[in-house]
Amino acid sequence: MMKITSTELLAPAGNMEKMLTAFHFGADAVYLAGQNFGLRAYAGNFTDEQIAEAVQYAHSLGKKVYVTINIFAFNSDFDALKDYLKVLEDAKVDAVLVSDAGVFDFVRKNSSLNLHISTQANTTNKYAVAFWHEMGAERVVLARELSLEDIAEIHDYVPTCQLETFIHGAMCIGYSGRCLMSNYLTARDGNRGQCVQACRWEWEINEIGNRDHKLRLTEDGRGTYIFNSKDLNMIRHIDELKKAGVESFKIEGRMKSSFYVATVVNAYRRALNGENIELLEKELEKASHRTYTTGFFLDEKQRQYYPSSRAVEQSKFIAKVLDWKDGVVTVEQRNKFVEGQTLEILSVGESLCKTFTADDIRDLEGNKVDVANIVQQHLTFKCPHRVFAGDILRLPVVAEN
């Protein structure tokens, strides 16, 4: 009988606002990066002081913070790394994610930090998991190329090692995310946090020696996108992942918006709580995404590429709730909306996706506002439904023909 583990919902935190959003909507933990050593150099990231603040806040909620130091390091990186480990120790981060064996050994010998093995280490078998665990790794983030059966076999072989896997978000065309396209084309190394996502560009592929003979690939009027992966979505398969031994469910998206984090975390938290999957699948359509796939979990032969570089979404982030009292909501505006429009509520409350009409919009001086179009302006208007600080108001997007 397979051991059924407890489940952690792990969310991306590209900056402090996204971390607060993730916790508000039900994440048990977040992963983030400092100014160096992570694989998302353009995500905003946290200063040393912000990491300490983030950990203190998370721990006050009984939640956790993991910090990525998952670059593939050169000799010149290690002097600065030693100082950085002291910063993370002092901040009391719950673990660090590493992919480089040298970094792993260095962290183990120069700090007391808990070690998680990043998916970048492309751990694809039970013997590799056992090795990392015996060396001192608390957790292994498995390679995305594994099936549910592979994961179950690993869990049976190393039942004391925590297993983490991505369950939602963008996927890289490189093997376990290890790709050289960005480095080759722009000298920005994706394995050191500087990926320009060249796989999302438009491409034409020619037969060598015959530029007039283009390979027949799926394409539209703008080009072909064979390098462009679909987005992962495993919300229908949570129970199967649990039974396979997955302990931490990881959402991709440190470079995504707060609205994306709110929508996806909210959906998976509700799914873990046993709410209606059909409704939650519709929720996930509202966040920016490409066509969804179950990746390699169920069918390793299914096609992963997506025939467009364009993401779609069914709703727009309108405002963040700051307060609610006596049927009036105070918000921080994010996108244009007008008097009389129907808005949807994304809330941690009991009901999913309630709507109301935005009436009597006013600024904080009491002036009437017919068109709200000043980003981050604080506004008030009538809202009959109870909402909470941190909730989000959104506007349905009309699909293009």
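We number each residue from 1, following the sequence as shown. What you are looking at is a predicted structure, and each value in this text was computed from that prediction instead of being measured.
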Salt bridge (charged side-chain N to carboxylate O under 4.0 Å, His left out) evaluation trace for Glu252 with Lys250: CA-CA 7 Å; Glu252 182 277 338; Lys250 190 171 194 173; over 6 Å; no
For atom [atom1] of [X], is the number of surrounding heavy atoms from other residues, nucleotides or ligands below 6.0 Å larger than 12?
X	atom1	result
Asn75	CG	no
Lys316	NZ	no
Lys368	NZ	yes
Gln56	CD	no

So do [Y] and [X] actually touch side chain to side chain, heavy atoms under 4.5 Å?
X	Y	value
Val265	Phe23	no
Val67	Tyr84	yes
Leu272	Lys242	yes
Asn233	Thr293	no
Leu343	Phe356	yes
Tyr57	Val65	no
Leu346	Phe25	yes
Leu279	Leu352	yes

Side-chain donor-acceptor pair present, Ser288, Glu313, cut-off under 3.5 Å: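 Short answer, no.
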Check: Ser248/Gln162 side-chain N/O donor and acceptor closer than 3.5 Å: no
Side chains of residues 374-387: which donor-acceptor partners sit under 3.5 Å, not counting sequence neighbours?
{"from": "His385", "atom 1": "NE2", "to": "Thr355", "atom 2": "O", "distance (Å)": "3.0"}

Taking the side chain from [X] and the backbone from [Y], do they hold a donor-acceptor pair closer than 3.5 Å?
X	Y	value
Gln333	Ala372	yes
Glu339	Ile361	yes
Ser147	Asp150	yes
Tyr268	Gly26	no
Thr294	Phe297	no
Asp94	Tyr66	no
Asn122	Ala143	no
Gln35	Phe46	yes
Arg108	Met135	yes
Asn273	Arg270	no

Can you name the side-chain contact (heavy atoms from CB on, under 4.5 Å) partners of [X], sequence neighbours left out?
X	answer
Ser347	Ile345, Phe388, Asp391
Lys282	none
Asp100	Phe72, Ala73, Val103

Residues Arg236, Glu278: salt bridge by 4.0 Å N-O rule: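 Between Glu278 and Arg236 there is a salt bridge, with a charged N closer than 4.0 Å to a carboxylate O.
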About how many Å separate [atom2] of [Y] and [atom1] of [X], when rounded to the nearest 0.5 Å?
X	Y	atom1	atom2	result
His24	Asn266	NE2	CG	8.5 Å
Leu10	Thr165	CG	OG1	11.0 Å
Glu8	Lys63	CD	NZ	10.5 Å
Lys86	Asp90	NZ	CG	3.5 Å
Glu164	Ile117	CD	CD1	11.5 Å
Phe259	Ile318	CZ	CD1	9.0 Å

What is the minimum heavy-atom distance between [X] and [Y], and which atoms define it?
X	Y	result
Thr263	Leu284	O-CD2, 4.5 Å
Ala244	Leu148	CB-O, 3.8 Å
Leu395	Thr342	CD1-O, 3.4 Å
Leu32	Ala54	CD2-CB, 4.4 Å

Between [X] and [Y], does the ring centroid distance fall short of 6.0 Å?
X	Y	result
Tyr127	Tyr157	yes
Phe106	Phe78	yes
His168	Tyr292	yes

Side chain to side chain contact (heavy atoms under 4.5 Å, CB included) between Cys161 and Val140, worked out: CA-CA 7 Å; Cys161 184; Val140 174; 3.9 Å; yes
Qualifying salt bridge (charged side-chain N to carboxylate O under 4.0 Å, His left out) pairs with a residue from residues 109-119, counting only residues at least two apart or across chains: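 Matches after skipping sequence neighbours: Asp105-Lys109.
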Summary of salt bridge (charged side-chain N to carboxylate O under 4.0 Å, His left out) pairs that have at least one residue in residues 349-361, sequence neighbours excluded: Asp360-Arg362
Qualifying residue, where the test is side-chain hydrogen bond (donor to acceptor under 3.5 Å, both in side chains) with Ser258 and the options are Glu17, Arg334, Lys18: Glu17
Side chain to side chain contact (heavy atoms under 4.5 Å, CB included) between Ile51 and Val87, worked out: CA-CA 9 Å; Ile51 290 174; Val87 169; 5.5 Å; no
Arg269/Asp28 under side chain to side chain contact (heavy atoms under 4.5 Å, CB included): CA gap, chis, key distance, verdict: CA-CA 9 Å; Arg269 170 49 59 202; Asp28 299 302; 2.8 Å; yes
Arg394 and Glu283: CA distance, side-chain angles, deciding distance, salt bridge (charged side-chain N to carboxylate O under 4.0 Å, His left out) verdict: CA-CA 12 Å; Arg394 62 193 182 194; Glu283 280 292 295; 2.6 Å; yes
Intermediate values then yes/no, side chain to side chain contact (heavy atoms under 4.5 Å, CB included), Asn110 and Leu81: CA-CA 10 Å; Asn110 290 277; Leu81 178 57; over 6 Å; no
Chi angles and distances behind the side chain to side chain donor-acceptor pair (under 3.5 Å) call for Thr124, Glu145: CA-CA 7 Å; Thr124 56; Glu145 289 82 9; over 6 Å; no
